[in-house]
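A short write-up of the structure that comes next.
Just so it is clear: chains get the letters A, B, ... in the order the sequence lines come, proteins before strands, and each one is counted from 1.
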Protein chains: 2
Amino acid sequence: MTETCNCNNCRNELCIRKVPIFSTLNQEDVGKIASLINHRDYKKGETILFDGDYTDSVVIINEGSAKAYKNTPDGREQILYVFSEGDFFGEQNLLGNKTATFSVEALQPVNTCILSRGQFQKLLYSYPEIAVKIIEELSGRMARLETALQSMGVRNVDTRVGGILLEFATKYSTKTNEGTLIHLPLSREGIANYLGVARETLSRKLGQLENEGLIRSVNNKEILIPNMQAIELLAGAGY
Amino acid sequence: MTETCNCNNCRNELCIRKVPIFSTLNQEDVGKIASLINHRDYKKGETILFDGDYTDSVVIINEGSAKAYKNTPDGREQILYVFSEGDFFGEQNLLGNKTATFSVEALQPVNTCILSRGQFQKLLYSYPEIAVKIIEELSGRMARLETALQSMGVRNVDTRVGGILLEFATKYSTKTNEGTLIHLPLSREGIANYLGVARETLSRKLGQLENEGLIRSVNNKEILIPNMQAIELLAGAGY
DNA sequence: TCTTTTTTTTGATTGCAATCACAGAAACTT
DNA sequence: AAGTTTCTGTGATTGCAATCAAAAAAAAGA
């Protein structure tokens with residue numbers, strides 16, 4: 001039961017403990033569920049789920065991160081979510097034999113926990129609190145989508161860039177004495193595909209923000225924000 | 001217990017029966033829940049929920065339709081959903097004292113059923129099947145949002161107009177011998193705000209589609225589509 | 001360390017939709 | 001039915017981001 005135990009059950013328990021939707025369970029229940037779990041590893045760039053595929057399992061990200069995206073009719077890739085530790089997907093296909101509504105690709109080496117649909121359904125009926133947790137999680141994800149949709153409706157691209165900097169700052173940043181350091185989960189191209197703009201446009205906008213002193217591009221994976229309020233202004237009424 | 005009964009309980013039962021999330025309940029349970037419900041009417045144009053407000057209730061649309069929207073920083077209004085009979089909102093605020101993430105405004109005279117948060121929560125714990133239904137409903141709504149986001153990422157506006165015609169055709173149309181007749185739930189301005197384009201642009205695109213014979217604008221509330229496949233083509237690989 | 005490949009930036013140009021302005025049509029008001 | 005208000009369509013213009021093209025920088029591989 002220690003963290004160094006390598007038996008499968010203990011590994012699975014560790015995995016479950018990371019996931020917010022199981023956070024209300026006691027030790028005994030965690031143990032029960034742990035035995036139902038399978039694992040799978042993916043290399044960076046590997047596709048975990050294909051848009052349109054039939055799936056009969058719920059996948060929980062145990063380690064690493066992944067992007068969920070849809071291909072647009074005009075050949076672009078629209079990123080919908082960046083999943084990281086504790087996030088899950090595949091719950092869409094709970095009842096009806098629905099197919100996946102997006103593809104998921106590993107951004108780094110990823111380890112997943114897999115629950116079959118049947119097992120997941122049983123859980124929902126035996127543990128209403130899990131269902132409530134899931135509703136909460138889905139509600140949060142919807143709020144994010146709604147904000148993204150609102151943002152896509154904004155004509156002014158500067159505002160949208162500010163918005164994504166703000167989002168990343170709240171999720172992927174550390175405080176330093178020079179300001180907020182964002183550890184970007186996506187490449188420039190990825191960010192552009194998340195924002196729904198051309199890669200070149202994002203490049204220019206970031207360059208412009210750097211000239212204005214609002215950001216400092218430390219390297220391709222990190223951006224420093226000396227003054228967060230300025231970015232909030234940009235994202236808010238910034239125009 | 002007949003449809004003409006006017007006692008409050010019966011009215012509420014009718015209301016509940018319309019809502020998919022309660023569809024799995026038996027007569028007795030429906031009766032129990034019915035007694036918990038309150039009603040409220042809204043005139044066309046009235047705001048049912050204000051973005052940012054604290055709410056402690058779940059609202060179910062019993063009659064009429066409403067738009068859910070967010071105001072963008074640049075002063076536009078981005079429509080997120082068109083709610084009609086059986087749709088619900090306010091479930092975001094299940095646990096935490098979260099505030100509304102969008103505003104809701106009646107598009108027609110609207111009658112609502114209202115459940116307090118506490119009552120709603122109890123229902124979830126007593127009837128796991130309701131929770132599952134809600135997860136299903138939320139999943140469907142998310143799929144819609146994801147598609148909308150994908151669509152917003154498409155540069156080609158023609159494709160997006162095609163997409164919304166397709167969406168409306170599946171939800172608000174009747175078949176006639178001249179083709180599919182769409183009963184528009186929104187004004188031109190509303191549709192533009194749903195698509196995230198300027199009203200004038202939509203006007204021009206629709207005019208163009210009419211010239212090409214793809215649609216026929218019967219009046220401001222109805223559009224006839226003689227050949228649905230052509231619209232599918234437009235929405236799909238249309239460019 | 002040097003080469004190869006991938007990613008990012010920068011430059012020049014173009015095209016499309018936003019915006020402004022107004023006319024015309026439709027929907028309410030009394 | 002006339003007048004008022006709101007909604008919709010059309011024209012002219014502009015601006016911004018997409019696109020094309022290529023250099024520069026960073027990452028991966030040998």
Side-chain angles (χ1 to χ4, degrees), chain A residues 43-45 67 72-79 105 107-109 151-164 184-212 215-223 238-239, chain B residues 43-45 67 72-79 105 107-109 151-164 184-212 215-223 238-239:
Chain A
K43 280 178 266 182
K44 174 178 169 177
K67 65 178 175 184
T72 63
D74 56 352
R76 279 187 51 258
E77 155 183 315
Q78 178 63 50
I79 295 182
E105 185 187 313
L107 293 169
Q108 308 158 24
S151 168
M152 295 280 279
V154 173
R155 322 264 194 247
N156 191 316
V157 172
D158 292 25
T159 308
R160 289 162 63 181
V161 172
I164 211 162
L184 299 169
L186 293 169
S187 66
R188 299 302 151 109
E189 176 146 39
I191 299 172
N193 287 339
Y194 197 39
L195 281 176
V197 300
R199 190 189 67 244
E200 296 94 322
T201 301
L202 176 70
S203 213
R204 276 183 249 273
K205 292 299 175 187
L206 288 178
Q208 191 182 311
L209 289 178
E210 186 150 22
N211 284 339
E212 294 168 4
I215 65 170
R216 251 192 59 209
S217 182
V218 180
N219 59 52
N220 282 342
K221 295 264 175 297
E222 290 171 313
I223 285 179
Y239 82 110
Chain B
K43 279 179 267 183
K44 175 178 170 176
K67 65 178 176 186
T72 64
D74 56 351
R76 280 186 51 256
E77 155 183 315
Q78 179 62 50
I79 295 182
E105 185 186 314
L107 293 169
Q108 307 157 26
S151 167
M152 295 280 278
V154 173
R155 323 264 195 247
N156 191 314
V157 172
D158 292 25
T159 307
R160 289 162 63 181
V161 172
I164 211 163
L184 299 170
L186 294 167
S187 66
R188 299 302 150 111
E189 176 146 37
I191 298 171
N193 287 339
Y194 196 41
L195 281 175
V197 300
R199 181 179 48 78
E200 297 93 324
T201 301
L202 177 70
S203 217
R204 276 184 250 273
K205 293 298 177 186
L206 288 177
Q208 191 182 310
L209 289 178
E210 187 150 21
N211 284 339
E212 295 168 4
I215 65 170
R216 252 192 59 208
S217 182
V218 181
N219 58 53
N220 282 341
K221 294 263 174 296
E222 290 170 313
I223 285 180
Y239 81 113

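- Put simply, CD on E189(A) is 15 Å from C1' on dA26(D), counting in whole angstrom units.
- For V197(A), the side-chain atoms get nearest to dA18(D) when compared with the rest of dA18(C), dT8(D), dA18(D).
- Residues I215(B) and L206(B) share a closest heavy-atom pair of CD1-O, 3.6 Å.
- When rounded to the nearest whole Å, the span between CE of M152(A) and C1' of dA17(D) equals 14 Å.
- Taking side-chain N and O atoms only, S187(A) has no distance below 4.0 Å to OP1 or OP2 of dT7(C).
- Separating the CD1 atom of I223(B) from the P atom of dT8(D) is a distance of 11 Å, rounded to the nearest angstrom.
- Taking 3.5 Å as the limit, the base of dG11(C) and the side chain of R204(A) contain a donor-acceptor pair of atoms between them.
- Along DNA chain C, the nucleotide closest to E200(A) and the one closest to R155(A) are compared, and the more 5′ of them pairs with E200(A).
- Taking the side chain as every heavy atom from C-beta outward, K205(A) and R160(A) never approach each other to under 4.5 Å.
- For the helix from dT1(C)-dA30(D) to dT30(C)-dA1(D), the end axes, each set by the C1' atoms of five terminal pairs, are bent relative to each other by 60° (nearest 10°).
- Between the C1' atom of dC20(D) and the CZ atom of R199(A) lies a distance of 12 Å, rounded to the nearest Å.
- Contact between the side-chain N/O atoms of K205(B) and the OP1/OP2 oxygens of dC16(C) is not found at any separation under 4.0 Å.
- Residues N211(B) and Q208(B) have side chains that never bring a donor and an acceptor to within less than 3.5 angstrom of each other.
- S203(A) comes within 4.0 angstrom of a nucleotide base, judged by non-hydrogen atoms across all strands.
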(message) Walk me through whether D74(A) and T159(B) qualify under side chain to side chain contact (heavy atoms under 4.5 Å, CB included).
(response) CA-CA 9 Å; D74(A) 56 352; T159(B) 307; over 6 Å; no
Report the C-alpha distance between R155(A) and R76(B) in whole Å, list the side-chain angles of each, state the deciding distance to 0.1 Å, and finish with yes or no for side chain to side chain contact (heavy atoms under 4.5 Å, CB included).
CA-CA 10 Å; R155(A) 322 264 194 247; R76(B) 280 186 51 256; 3.0 Å; yes
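- Taking every heavy atom of both residues into account, Q78(B) and N193(B) meet most closely at NE2-O, 3.1 Å.
- Counting only heavy atoms from C-beta on, A198(A) has its side chain closest to dT19(D) among dA28(D), dC28(C), dT19(D).
- Across all strands, K221(A) comes closer than 4.0 Å to no nucleic acid atom at all (heavy-atom distances).
- One atom, CD1 of I191(B), and another, C1' of dG9(D), lie 14 Å apart when rounded to the nearest Å.
- The separation between D158(A) atom CG and dG15(D) atom P is 16 Å, rounded to whole Å.
- Comparing dA17(C), dT8(D), dA18(D) by their nearest atom to the side chain of N220(B) picks out dT8(D).
- Across all their heavy atoms, A192(A) and R199(A) have their closest contact at CB-CA, 3.7 Å.
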